Amino acid sequence: MQTAANTPGGIGDNRYIKTSQYQLVKIIRMIFGWIGIAVNAIVRLLVDIIKGLAGKS
């Protein structure tokens with residue numbers, strides 16, 4: 001069983017591919033989370049600016 005896990009295309013390679021894909025998915029989710037937070041902050045800032053301009057005029 002140990003030799004099967006170490007051969008190319010064996011169980012070990014599949015495990016590595018699954019973990020690397022899982023890491024990639026985690027990174028992509030984290031990036032999208034940051035983008036969501038940034039967009040939310042920008043929208044809130046723009047709304048505050050528009051409210052400020054409307055209040056002054």
Side-chain angles (χ1 to χ4, degrees):
M1 192 66 191
Q2 187 64 31
T3 56
N6 292 331
T7 54
I11 300 163
D13 284 349
N14 289 342
R15 190 184 309 134
Y16 175 73
I17 289 169
K18 286 178 183 174
T19 53
S20 61
Q21 285 176 346
Y22 177 69
Q23 293 295 328
L24 189 67
V25 167
K26 269 181 30 179
I27 292 168
I28 290 172
R29 282 183 182 165
M30 189 172 60
I31 290 170
F32 275 115
W34 288 344
I35 290 172
I37 291 169
V39 168
N40 195 3
I42 291 169
V43 167
R44 190 172 298 166
L45 183 68
L46 288 175
V47 167
D48 287 345
I49 290 171
I50 292 169
K51 282 182 182 177
L53 290 175
K56 287 181 182 176
S57 61

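Index from 1, following the sequence. These numbers were taken from a predicted model, which means no experiment stands behind them.
In this structure, L46 belongs to a hydrophobic cluster whose other members, linked by side-chain heavy atoms under 4.5 Å apart, are I42.
Taking the side-chain contact (heavy atoms from CB on, under 4.5 Å) definition, one finds that L45 meets it with I49, sequence neighbours left out. Applying the side-chain contact (heavy atoms from CB on, under 4.5 Å) rule to I31 yields the partners I27, I35; only residues at least two apart in sequence or on another chain are considered. For V47, the side-chain contact (heavy atoms from CB on, under 4.5 Å) partners are V43, K51, not counting sequence neighbours. Legend: residues meeting side-chain contact (heavy atoms from CB on, under 4.5 Å) with R29, ordered by chain and number and at least two apart, are V25.
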